Amino acid sequence: MSSTRQIIIVGPPGSGKGTQADLISRELGIPHISTGNIFREAIHKDSELGATARSFVEKGELVPDHIVTALVLERIKEDDCRKGFILDGYPRNLDQALDLDRNLEISDGPLDLVLNMVVERGELVRRLTGRRVCRKCGAVYHIVFKPALVAGRCDLCGGELYQRSDDQSETVNKRLDVFEKQTGPVIGHYRRRGLVRDIDGSCSRDEVFQAIRKVLNNLK
Ligand code: AMP
């Protein structure tokens, strides 16, 4: 197995790609870089980046390419990415993919793998609209699949549970449409290069991770 691992995980919102990226990050000892998390944190802190990103994120629209690309290209130059990285949420459209390709060609070498999380749309809508997050510690619940012991309160810290504004039904459907239109071509682009492995994301967290592990073990 080569010592550097440059991996992308792609999947529609709600496909569990963030959870799986965390597990992969721990397994391989490489950082999990989630553009969605970077934006949410910036919005929470009300930084300059947060102020720019807020309206796009809240409406379920894509933040302009030049902002996201600059941010990711800076991030993957950091020291902790010397052994590789797992990118979650980037690239989100073909232009971002081409920018990343060009950059990796001149600096870090090619991508090793693109994991494509596949889940059918009805299931994604159920997962996303039922998701609730603790305002205080960020723990994630689901009104049906993982309810809190006391409704509306976090089991871990007692914080208030809320629904992310982009998890409301109308925005969820918009995010899924954006994914199909914009990110579909990204998957095609990498598939033509033989980099894509499809992962059935409809099973349990552990079953999905076992499938991913098999793919990781088969990397040269
Ligand atoms: P996510 O958590 O990956 O679903 O991302 C949440 C939101 O952050 C998206 O709906 C976009 O508004 C924004 N975002 C995240 N990644 C990107 C990206 N690569 N390009 C543009 N916008 C992004």
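Worth saying up front: this structure is predicted, and the values here are computed from it rather than measured. Excluded from the calculations below are hydrogen atoms, water molecules and symmetry mates; all remaining heavy atoms, backbone and side chain alike, are included. As the structure lists them, so they are numbered: ligands from 1, and atoms in each ligand from 1.
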Exercise. Compare every heavy atom of S15 with every heavy atom of L124, then report the nearest pair and how far apart it is.
Key: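 Scanning both residues, the minimum pair turns out to be CD2-N, 3.7 Å.
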Check your understanding: Between K146 and V140, which heavy-atom pair has the shortest distance, and what is it?
Key ->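 For K146 versus V140, the nearest heavy atoms are NZ-O, 3.1 Å.
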Select one of side chain, backbone, both or neither to describe which atoms of [X] lie under 4.0 Å from any atom of ligand 1, heavy atoms only.
X: L62; value: both
X: K17; value: side chain
X: R175; value: side chain

| message | Can you confirm, on distance only, whether ligand 1 has an N/O atom lying under 3.5 Å from any N/O atom belonging to Y90? | response |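 Looking only at distances, the answer is no, because the N/O contact criterion of under 3.5 Å is not met.
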Any idea which atoms of ligand 1 are less than 4.0 Å away from a heavy-atom of [X]?
X: R40; value: 2 (O), 6 (C)
X: E61; value: 11 (C), 12 (O)
X: V68; value: 18 (C), 19 (N), 20 (N), 21 (C)
X: Q96; value: 18 (C), 19 (N), 20 (N), 21 (C)
X: F39; value: 8 (O), 13 (C), 14 (N), 15 (C), 23 (C)
X: G89; value: 16 (N), 17 (C), 18 (C), 19 (N)

Looking only at side chains, do [X] and [Y] share a donor and an acceptor under 3.5 Å apart?
X: Q6; Y: D112; result: no
X: Y90; Y: T69; result: yes
X: S202; Y: D200; result: yes
X: H32; Y: N37; result: no

Check your understanding: Is the backbone N or O of T129 less than 3.5 Å from a side-chain atom of D167, with the two atoms forming a donor-acceptor pair by type?
Key ->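 No; judged by distance alone, with no hydrogens or angles, the pair does not exist.
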### Task
Keeping the roles fixed (side chain from R82, backbone from D79), state whether a donor-acceptor pair exists under 3.5 Å.
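Here the side-chain-to-backbone pair exists.
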Distance to 0.1 Å, residue and atom name: give those for the protein heavy atom nearest to [atom].
atom: atom 16 (N) of ligand 1; value: T35 OG1, 2.7 Å
atom: atom 4 (O) of ligand 1; value: R92 NH2, 3.2 Å
atom: atom 22 (N) of ligand 1; value: V63 N, 3.0 Å

Mind checking whether R164 and T171 have side chains closer than 4.5 Å, heavy atoms only?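 Contact flag for R164/T171 side chains = no.
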